[in-house]
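Before any comments, here is the structure.
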Amino acid sequence: MEKDVIIKFDRVSYSYEEGGDYAVNDVNLDIYKGEFTAVLGHNGSGKSTLAKLTNALLLPVAGSVFVRGMDTAREEFETQIRQSVGMVFQNPDNQIVSTIVEDDVAFGPENLGVPPEEIRRRVDDALKTVGMYEYKGHEPHRLSGGQKQRVAIAGVIAMRTECIVFDEPTAMLDPKGRQEVFRAIKSLNKDFNITVILITHFMDEAVFADRVIVMDDGYVRLDGSPREVFKRVKSLRDMGLDVPKPLQLALLLKKEGIDLGDEILTNEDFIKEFLNYSGRNNVNT
Amino acid sequence: MSILEVKNITYVYGEGTPFRIEALKNISVTFEKGELIAVIGHTGSGKSTLLMHLNGLLKPTAGKVLYEGKDIWESKKSVKQARFNVGYCFQYPEHQLFESSVQRDIAFGPRNMGLSEEEINLRVQEATQFAGIDSSLLQKSPFELSGGEKRRVAIAGVMAMKPGVLILDEPTAGLDPKGKNAVIELIKNYNIQTGSTVIFVSHNMDDVASLADRVLILSEGQIVMYDTAKNVFSRGKQLASLALGVPEITQLFLSMGERGFDLPVDIFDIEEAKAALLSLLRRQAHD
């Protein structure tokens with residue numbers, strides 16, 4: 001089956017100052033419907049710039065970005081593009097505009113001119129999707145960071161976007177908030193088939209993606225499944241990135257002659273391979 | 001020897017309003033000189049409220065804070081002195097950079113202390129070294145630096161005041177792995193070389209595991225644990241019940257323990273983990 005392309009980067013470059021260094025450099029990229037893509041890279045690698053180029057918050061200085069075939073540089077498509085690709089940012093406090101949770105979620109669809117009864121339905125659905133329905137009458141500033149971030153996500157879902165770009169959505173949250181928000185993001189993708197682009201520093205989030213893109217110096221350096229990408233330990237470390245802890249441990253053991261393979265990303269993988277290994281080992285001895 | 005002592009403090013937000021919250025409930029704790037202490041607890045547990053008491057940013061509703069045995073609220077002068085004795089580096093401190101050059105930003109604190117130009121320059125140099133900031137950056141505007149560099153400049157500004165106790169609120173939040181490691185090294189070096197007490201808040205258990213001598217856990221305004229990092233992380237299940245999480249390696253070992261592997265529960269360092277697994281395999285081979 002042919003894959004359905006939502007966002008297309010065609011030789012895209014961007015620089016913040018005329019004649020300055022490129023923050024994004026000659027990037028070609030297709031993002032497919034239903035895919036969960038994680039984007040990794042150190043600070044200043046260009047990943048947030050890449051995110052902002054996806055829905056016309058920034059426009060390329062060279063090349064073109066297409067959302068559902070619409071060129072983001074053409075103003076007449078702007079509303080449609082924003083309706084197709086939504087964004088959630090790092091700081092939940094900067095994204096809340098209303099004094100009541102449900103009003104905040106309604107803000108996006110209201111601006112799109114959606115009829116009131118339809119808005120009602122969308123707001124309720126969106127809040128249920130992120131598990132915040134019972135807080136619909138609450139004041140956002142009394143919620144925890146994780147709850148606020150889920151309200152922000154509901155606001156994007158209520159616009160019925162088919163793709164959401166998350167720019168380090170869990171960076172400012174405590175472990176509990178991080179877990180809540182990450183669970184909500186996974187569910188959007190798996191249960192509601194929303195295309196997800198997740199920009200993150202957390203390797204333990206990236207291992208759950210279908211696809212991992214690594215950026216460095218504005219270039220896309222690696223692009224593949226988590227297993228393919230995290231095998232490139234040396235390149236990752238050279239780019240100032242870590243590999244997931246279970247894989248780090250497996251690599252240390254390998255140096256001691258205990259080879260668990262290089263397909264280990266999660267704790268579950270590690271335990272499985274360790275069981276296999278010790279099983280084999282016992283038979284041999 | 002203790003440097004800072006908190007005695008039976010209670011703190012109430014919004015007294016007399018419907019939003020009255022007892023953020024700290026009769027807390028007592030002693031911080032030893034030269035120790036590196038991590039404070040953990042989920043949002044709303046009272047961490048920031050407690051820390052803001054340590055240098056007199058908040059005045060306890062009841063109870064006392066003693067610096068080197070003396071009540072910091074004894075006089076107006078002693079409160080002001082507490083601000084210099086206990087340096088406080090807020091969350092995202094780089095948002096508070098404002099001077100025209102890195103040099104001037106780091107010098108701001110020492111200048112406020114009324115030190116001589118010579119002493120100020122010396123302190124800026126020292127702090128710059130700790131922070132691993134290249135001296136070529138000193139004349140640049142702080143706004144030209146990368147996120148990780150800005151964070152280190154902001155921390156250096158507090159260090160330059162040479163506080164007896166340095167408090168850092170989530171010093172590594174939002175940094176990439178490289179920036180994070182640089183800040184961790186900076187804190188370690190500062191603690192070792194100056195012998196100053198460092199108290200830091202973190203949500204990242206791996207940072208806590210790699211830095212802290214001692215871990216203080218708060219929940220709902222009360223202390224639930226105050227012990228060495230090793231002892232605290234060996235109680236992984238209890239930490240999980242407080243929704244705090246454990247270092248990634250500890251989590252792996254807990255899961256392996258549940259599957260019947262005979263492994264120690266107090267491991268949080270990757271080298272220790274390797275040693276424990278090697279020893280397990282050796283034991284299996286002998287059976």
Side-chain angles (χ1 to χ4, degrees), chain A residues 40-45 47 90-91 142-147 168 170-180 200-204 236-237 239-246 248-258 260 266-272 274-275 277-279 281-282 284-285, chain B residues 19 40-45 47 91-92 146-151 170 172-182 201-206 239-240 242-256 258-261 270-271 273-275 277-278 280-287:
Chain A
L40 299 174
H42 61 77
N43 289 343
S45 60
K47 51 192 195 319
Q90 193 180 95
N91 189 344
R142 295 196 174 272
L143 302 177
S144 73
Q147 291 171 329
E168 297 188 43
T170 62
M172 298 181 85
L173 305 179
D174 65 8
K176 185 162 166 256
R178 227 187 110 192
Q179 208 178 35
E180 288 167 10
T200 184
H201 285 319
F202 295 110
M203 304 303 145
D204 53 342
L236 288 168
R237 289 199 169 140
M239 290 188 273
L241 296 174
D242 267 341
V243 295
K245 275 271 156 64
Q248 283 180 33
L249 185 57
L251 292 170
L252 279 178
L253 286 171
K254 195 171 179 178
K255 279 191 197 150
E256 304 289 332
I258 314 281
L260 304 182
T266 63
N267 284 349
E268 284 309 304
D269 298 341
F270 186 93
I271 295 170
K272 199 177 117 212
F274 193 81
L275 270 171
Y277 181 89
S278 58
N281 209 39
N282 279 346
N284 292 341
T285 49
Chain B
F19 304 112
I40 60 182
H42 58 78
T43 311
S45 60
K47 301 184 301 279
Q91 248 181 66
Y92 294 88
S146 76
E149 285 168 342
K150 275 189 213 166
R151 176 78 52 94
E170 292 202 53
T172 64
L175 295 179
D176 61 22
K178 205 168 141 195
K180 202 171 260 189
N181 290 338
V201 172
S202 183
H203 287 313
N204 185 320
M205 296 306 144
D206 287 290
L239 291 177
L242 292 166
L244 283 172
V246 291
E248 282 184 67
I249 290 292
T250 311
Q251 186 55 55
L252 174 64
F253 271 47
L254 283 174
S255 305
M256 291 184 81
E258 279 165 19
R259 304 286 178 84
F261 286 99
I270 197 157
E271 288 291 338
K274 181 185 82 176
L277 290 172
L278 288 174
L280 175 72
L281 287 171
R282 267 196 300 273
R283 269 180 282 144
Q284 283 184 346
H286 283 295
D287 284 345

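A, B, ... follow the sequence lines: proteins, then strands. Residue 1 opens every chain. Computation of the quantities below employed the complete heavy-atom set of this structure, encompassing side-chain atoms and omitting hydrogens, waters and symmetry-equivalent molecules.
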Roughly how far, to the nearest 0.5 Å, is CG of B:N204 from CG of A:D174?
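Those atoms lie 12.0 Å apart.
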Rounded distance [0.5 Å steps], CG in B:L278 versus CG in A:L252:
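Reported value, rounded in 0.5 Å steps: 9.5 Å.
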Using non-hydrogen atoms and a 4.5 Å limit, figure out which bit of [X] sits close to chain B: side chain, backbone, both or neither.
| X | result |
| --- | --- |
| A:I258 | side chain |
| A:L40 | neither |
| A:R142 | side chain |
| A:E268 | side chain |
| A:M239 | neither |

Could you go through the side-chain contact (heavy atoms from CB on, under 4.5 Å) check for B:L252 and A:I271 one step at a time?
CA-CA 8 Å; B:L252 174 64; A:I271 295 170; 4.0 Å; yes
Under a 4.5 Å heavy-atom cutoff, which of A:K176, A:Q90, A:Q248, A:K245 has the most pairs with chain B?
A:K245
Out of A:P244, A:A171, A:P175, return the one with the most heavy atom pairs under 4.5 angstrom to chain B.
A:P175
Would you please name every residue forming a salt bridge (Lys or Arg N to Asp or Glu O under 4.0 Å) with B:K150, sequence neighbours left out?
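Scan of B:K150 (salt bridge (Lys or Arg N to Asp or Glu O under 4.0 Å), adjacent residues dropped) gives none.
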side-chain contact (heavy atoms from CB on, under 4.5 Å) between B:Y92 and A:N91, worked out:
CA-CA 12 Å; B:Y92 294 88; A:N91 189 344; over 6 Å; no
Report the option among B:E170, B:K274, B:K178 that has the most heavy-atom pairs separated by less than 4.5 Å from atoms of chain A.
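Between B:E170, B:K274, B:K178, the count favours B:K274.
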I need the residue from B:H42, B:R259, B:Q91 with the largest number of non-hydrogen atom pairs under 4.5 Å to chain A.
B:R259
Given B:L277 and A:L249, is the side-chain contact (heavy atoms from CB on, under 4.5 Å) satisfied, shown in steps?
CA-CA 10 Å; B:L277 290 172; A:L249 185 57; 3.7 Å; yes
Report which part of [X] has an atom under 4.5 Å of a heavy atom belonging to chain A: side chain, backbone, both, or neither.
| X | answer |
| --- | --- |
| B:S146 | neither |
| B:I40 | neither |
| B:D206 | side chain |

Using atom types as modelled and distance alone, determine if a side-chain donor or acceptor of B:D176 lies under 3.5 Å from a backbone N or O of A:N43.
yes
Which atom names give the shortest non-hydrogen contact between A:G240 and B:P177, and what distance separates them?
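So the two residues come closest at O-CB, 3.8 Å.
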Contact summary for B:E248 and A:P246, nearest pair of heavy atoms
OE1-CD, 4.4 Å
State which residues pass side chain to side chain donor-acceptor pair (under 3.5 Å) with B:Q251; sequence neighbours excluded, sorted by chain then number.
none
